[in-house]
Amino acid sequence: MEIQYILELIGTFVFAISGALAVDEKDQDWFGAGFTGFVTAIGGGTLRDILLGSYPLVWIADVQFLYAIFAGILFASVFYKWLLRLRRTLSLFDTLGIALFTIVGTEKALSLGVDPVIAAIMGMFTAVMGGVIRDTLTNETPVIFQKEVYASPCLAWAFVYIGLANLEVHRTFAFLLSVLLIIVIRLVAVKYNLSLPKFKRIK
Amino acid sequence: MEIQYILELIGTFVFAISGALAVDEKDQDWFGAGFTGFVTAIGGGTLRDILLGSYPLVWIADVQFLYAIFAGILFASVFYKWLLRLRRTLSLFDTLGIALFTIVGTEKALSLGVDPVIAAIMGMFTAVMGGVIRDTLTNETPVIFQKEVYASPCLAWAFVYIGLANLEVHRTFAFLLSVLLIIVIRLVAVKYNLSLPKFKRIK
Amino acid sequence: MEIQYILELIGTFVFAISGALAVDEKDQDWFGAGFTGFVTAIGGGTLRDILLGSYPLVWIADVQFLYAIFAGILFASVFYKWLLRLRRTLSLFDTLGIALFTIVGTEKALSLGVDPVIAAIMGMFTAVMGGVIRDTLTNETPVIFQKEVYASPCLAWAFVYIGLANLEVHRTFAFLLSVLLIIVIRLVAVKYNLSLPKFKRIK
């Protein structure tokens with residue numbers, strides 16, 4: 001799917017930006033920012049492909065993804081002031097990246113013939129594990145453990161996408177609908193400060 | 001070995017429970033608890049199989065393991081109060097899981113034809129690395145770096161199991177004996193607060 | 001290349017020493033020191049081979065690497081006092097290990113036929129990711145995020161090595177020259193406290 005490839009490159013570019021800007025320490029140098037941008041952009045898809053044994057990895061086979069990452073890091077540096085003022089827009093970009101990667105990752109896992117439950121988990125991993133690895137390396141508590149609804153809509157809509165695909169809805173339509181719904185739910189959750197039920201009821 | 005498969009499912013169930021209960025923060029939500037339960041249950045075996053290049057991963061090929069994890073997480077939520085009162089019992093379950101996974105992991109590595117030293121390391125990894133990955137993601141210091149004897153008996157008894165297997169002792173007998181001995185040593189170590197010799201003698 | 005194999009074993013031995021000594025807590029036991037020594041020594045090369053799908057892993061196929069690691073950990077314990085007095089020498093050893101592993105890793109990635117940009121990244125990963133994984137497991141901020149110039153010369157000279165190899169310079173000469181130059185740059189950077197430009201210019 002040609003449009004999917006372009007969306008994947010855009011997602012990679014967007015994730016590299018959000019990764020490069022993630023570490024807010026004033027003594028962060030170019031190398032550190034590049035490293036976090038790189039890990040954020042490729043971490044999720046890399047983990048998915050390693051778990052599924054799907055070689056070669058996307059960014060190793062196709063050097064376009066590296067260029068998308070370099071472009072994202074450069075963009076983050078050049079437009080740094082402007083991006084900071086646009087924090088809300090940036091968060092929208094991050095949400096867009098997550099939504100795209102969830103469905104791209106689910107689609108890829110399905111195409112490798114795994115169980116749909118596994119495929120949905122792989123979709124969610126594709127979207128959020130790059131950020132989780134970045135946060136772990138930089139000693140932050142990964143965002144998925146914080147209370148804001150972040151990873152769970154990815155998992156939920158990965159299942160919906162699989163359902164739509166099974167109903168023989170047109171793939172591109174199912175793809176765009178699922179991406180859109182992840183974005184909407186995430187934005188609503190942030191706006192109204194929604195969170196999932198607590199796991200531990202006592203205390 | 002039919003009994004080994006059932007023990008492996010039980011080990012997965014037990015590890016999912018201990019993983020889901022591991023994060024004690026009051027704002028832990030369902031997703032976070034599920035994620036830590038999942039990572040704890042599959043992390044060690046997944047690392048072993050990736051290092052050995054043994055695909056497909058157990059929990060991807062056989063969806064029963066996912067159900068065992070879901071059951072463990074649900075169990076942890078439903079019986080939360082009861083499990084807290086049973087902390088000592090829970091720790092016994094954790095020890096049971098570690099002992100089972102050590103020998104299952106060693107056995108699997110041996111069956112892939114690696115050097116016995118590697119097989120013993122893989123057995124120990126199978127048992128403890130799920131917890132290590134969970135602790136790393138949640139910014140805890142992994143339990144294997146704390147002073148209680150935790151991972152070293154796994155490594156020791158993985159070697160004993162390999163020795164017994166080489167002596168052509170019946171596999172099921174060697175399996176059960178090794179599992180039992182890991183449990184006994186661990187319980188004795190906790191009871192008498194034993195620890196390994198310090199690495200750095202000066203200070 | 002026979003000399004390359006011997007240098008790789010020496011690099012593994014040196015990294016195991018620096019890993020075993022990395023955790024400075026007084027209650028570090030033998031198991032913990034061995035574990036950090038092991039992870040530091042094999043982490044980078046293991047990550048490289050997993051990303052490239054190159055199986056079996058070096059230390060699983062060839063048990064000599066395990067013996068080099070055990071020797072390094074034993075050496076670190078026996079000569080602990082002496083090594084502490086030699087901190088500067090130890091740092092030189094670490095630099096030697098990094099330089100060797102960068103070029104060995106780049107060479108290996110090139111031999112697997114990947115894009116030169118990927119090969120240079122893999123060379124740098126081989127050198128620094130063992131330490132990054134160790135620091136992440138022990139809750140330290142990885143050294144590559146600290147201001148001292150550490151990983152960037154590896155990346156730079158990996159490219160130079162690829163350039164020299166393309167110019168059909170004799171491989172052993174290109175190898176030794178690149179290793180030497182990484183060491184020199186690193187020592188100069190530490191001596192004059194050089195650092196890369198900051199990523200974020202405002203604040």
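The structure displayed is predicted, hence computed values, not measured ones. Chain identifiers are assigned alphabetically (A, B, ...) following the order of the sequence lines, protein sequences preceding nucleic acid strands; residue numbering begins at 1 within each chain.
- Contacts between A:T136 and chain C at a heavy-atom distance below 4.5 Å involve backbone atoms as well as side-chain atoms.
- A:G123 and A:T106 get closest at one heavy-atom pair: CA-OG1, 3.3 Å.
- Here the OH atom belonging to C:Y161 is positioned 13.5 Å from the CG atom belonging to C:L181, to the nearest 0.5 angstrom.
- Put simply, of C:I133, C:V132, C:D115, the one with the most heavy-atom pairs under 4.5 Å next to chain A is C:D115.
- For the atom pair OG of C:S18 and CD1 of C:I98, the computed distance is 8.0 Å after rounding to the nearest 0.5 Å.
- In terms of non-hydrogen atom pairs under 4.5 Å with chain A, the most contact-rich of C:I50, C:D135, C:L155 is C:I50.
- For the residue pair C:I73 and C:F38, the shortest heavy atom distance occurs at CD1-N, 4.4 Å.
- Residues of residues 51-60 of chain C that come closer than 4.5 Å to chain A, counting heavy atoms only, are C:L51, C:L52, C:G53, C:Y55, ordered by residue number.
- For chain C, the nearby part of A:L66 is the side chain; its heavy atoms alone come within less than 4.5 Å.
- Defined by atom type and a distance below 3.5 Å, a donor-acceptor pair is present between the side-chain atoms of C:D62 and C:Y5.
- For chain C, the nearby part of A:F70 is the side chain; its heavy atoms alone come within less than 4.5 Å.
- In this structure, the separation between CE on C:M124 and CD1 on C:I182 is 11.5 Å, given to the nearest 0.5 Å.
- The CG atom of A:L137 sits 6.0 Å away from the CZ atom of A:F35 when rounded to the nearest 0.5 Å.
- Between the side chain of C:T36 and the backbone N or O of C:A33 there is at least one donor-acceptor pair closer than 3.5 Å.
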